[in-house]
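Everything below concerns the one structure shown next.
Counting starts at 1 for both ligands and their atoms, following the listed order. All values below come from the heavy atoms of this structure, side chains included, with hydrogens, waters and symmetry mates left out.
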Amino acid sequence: MTLSELTLDREGLAAAIACEDAAFEAALREEAYSVKVATVGPEVYLRGLIEISNICVKDCLYCGIRRDIRCQRYELSEEEVLATARIAAHRRFGSVVIQGGERTDAAFIRKITRLLKEIKSIDTEDDPPLGITLSLGEQSREVYEEWFDAGAHRYLLRIESSNPDLYRKIHPADHSYDRRLQALYDLKEIGYQAGTGAMIGMPFQTAEDMADDLLFYKEFDAPMVGMGPYNPHPETPLTLSGAPYPSAERRFALGLKMIALLRLLMPDINIAAATALEVLDPRGREKGILAGANVIMPNITPEEQMVKYNLYDRKTLLRDCPSSVDPSKRDTHICRNCVFPFCSLGDGLSGRKIVIGYGRWGDSKHFRRK
Ligand code: 5AD
């Protein structure tokens, strides 16, 4: 297949996803990168990712922090979350993402509400107050409203798979696709920038399913999307079932290809270079940027807890930890081990200029245009 044969309908997208020709894949990434620069500009926006807790009431069959898995649980204190958010402010990330296992108890909900107000009042010197994205699963509409009023303005809730049959296969019987969809529409109606996404390269997933995921983002009119390769966790039911899935190399190539195709389909949205890419390739997120993504979420969870947020094996991420960052550096460099070489060098893998949008929210142009 060649780039000129590509069409952005279901059939064309599925053919592009199924095509394993390296030259085609490279040309597609190149095209998506150009579209990105022409549409949303060369800037990459940062969101400091704070994983506040791995306690979860859900039991998703692919997830390493599912309710029924035996693992060490943790919950950051309010002071720890605030201290971490202050690091994000100091490093001029512009925004933070508060992510954690799903919980719906009142103590948890109130804690988030308090934290949102406190994070909003962190001193950011000459920058705007930190932007806040939440990623805390399915909640009632009232809770989403409470958090919106307290200062959250973006929410990430992946659909995981837009195919209800596949959704059912990877979740226990009491998890509902319709409920998930309703939550997404609630978020949008309340006024959040509601981001979604799906895993790429899962067992049972076809090229058509992945094409449908892209068309789902378009249909939902998502201002932001975070999707990433499936990475098997050794102790989950999905892995233990023995169901086959693509090789690590293929999942990585698919992850980049999905970013590139989505950039062509929705040129002005925010697309994250997902953490799951970094696990498959030490420069995975950077390669995601070069395939058309424009958001990176450096993981700034304190190291001791980050290792417990074990969705899958994520050792490479420790490079993002505050403990490996040179505190004297403010916005010119992210960490000693150079997770993002382009930050200090001004150019990335291909020698292209990549500009970090320091100290800015970096809202989706798509959302602002509406
Ligand atoms: N591989 C890749 N992504 C995963 N997630 C959970 N488990 C895995 C896995 N094994 C993602 C899901 C979820 C987010 C918390 O992490 O998409 O939305």
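Looking from atom 4 (C) of ligand 1 to the surrounding protein, the closest heavy atom is Met199 SD, 3.5 Å. Regarding atom 13 (C) of ligand 1, its nearest protein heavy-atom neighbour is Glu160 OE2, 3.3 Å. For atom 7 (N) of ligand 1, the closest non-hydrogen atom of the protein is Tyr62 CD1, 3.3 Å. For atom 10 (N) of ligand 1, the closest heavy atom belonging to the protein is Asn231 O, 2.7 Å.
The salt bridge (charged side-chain N to carboxylate O under 4.0 Å, His left out) with Lys111 is formed by just one residue from the set Glu75, Glu80, Glu146; it is Glu75. Between Lys58 and the choices His175, His171, Glu102, the side-chain hydrogen bond (donor to acceptor under 3.5 Å, both in side chains) rule is met once, by Glu102.
Proximity of Gln99 to ligand 1, defined as any heavy-atom pair under 4.0 Å, is not found for any part of the residue.
Under the 30°/60° scheme for interplanar angles, the aromatic rings of Tyr192 and Tyr144 are found to stand perpendicular.
The pair Arg103-Asp105 meets the salt-bridge criterion, since a charged nitrogen lies less than 4.0 angstrom from a carboxylate oxygen. A salt bridge is defined here as a Lys NZ or Arg NE, NH1 or NH2 lying under 4.0 Å from an Asp or Glu carboxylate O, and Glu208 with Arg10 fails to meet this definition.
Per-residue contacts place Pro229 under 4.0 angstrom from the following atoms of ligand 1 (heavy atoms of the residue considered): 2 (C). Interface atoms of ligand 1 facing Leu311, defined by a heavy-atom separation under 4.0 Å, are 10 (N), 16 (O). When each atom of ligand 1 is checked for a heavy atom of Arg158 under 4.0 Å away, the hits are 11 (C), 12 (C), 17 (O), 18 (O). Of all atoms in ligand 1, numbered sequentially from 1 with element shown, those under 4.0 Å from a heavy atom of Cys63 are 6 (C), 7 (N).
Heavy atoms of Gly228 stay at 4.0 angstrom or farther from ligand 1.
Defined by atom type and a distance below 3.5 Å, a donor-acceptor pair is present between the side-chain atoms of Arg154 and Ser95.
Between Phe204 and Tyr245, the ring centre distance reaches or exceeds 6.0 Å.
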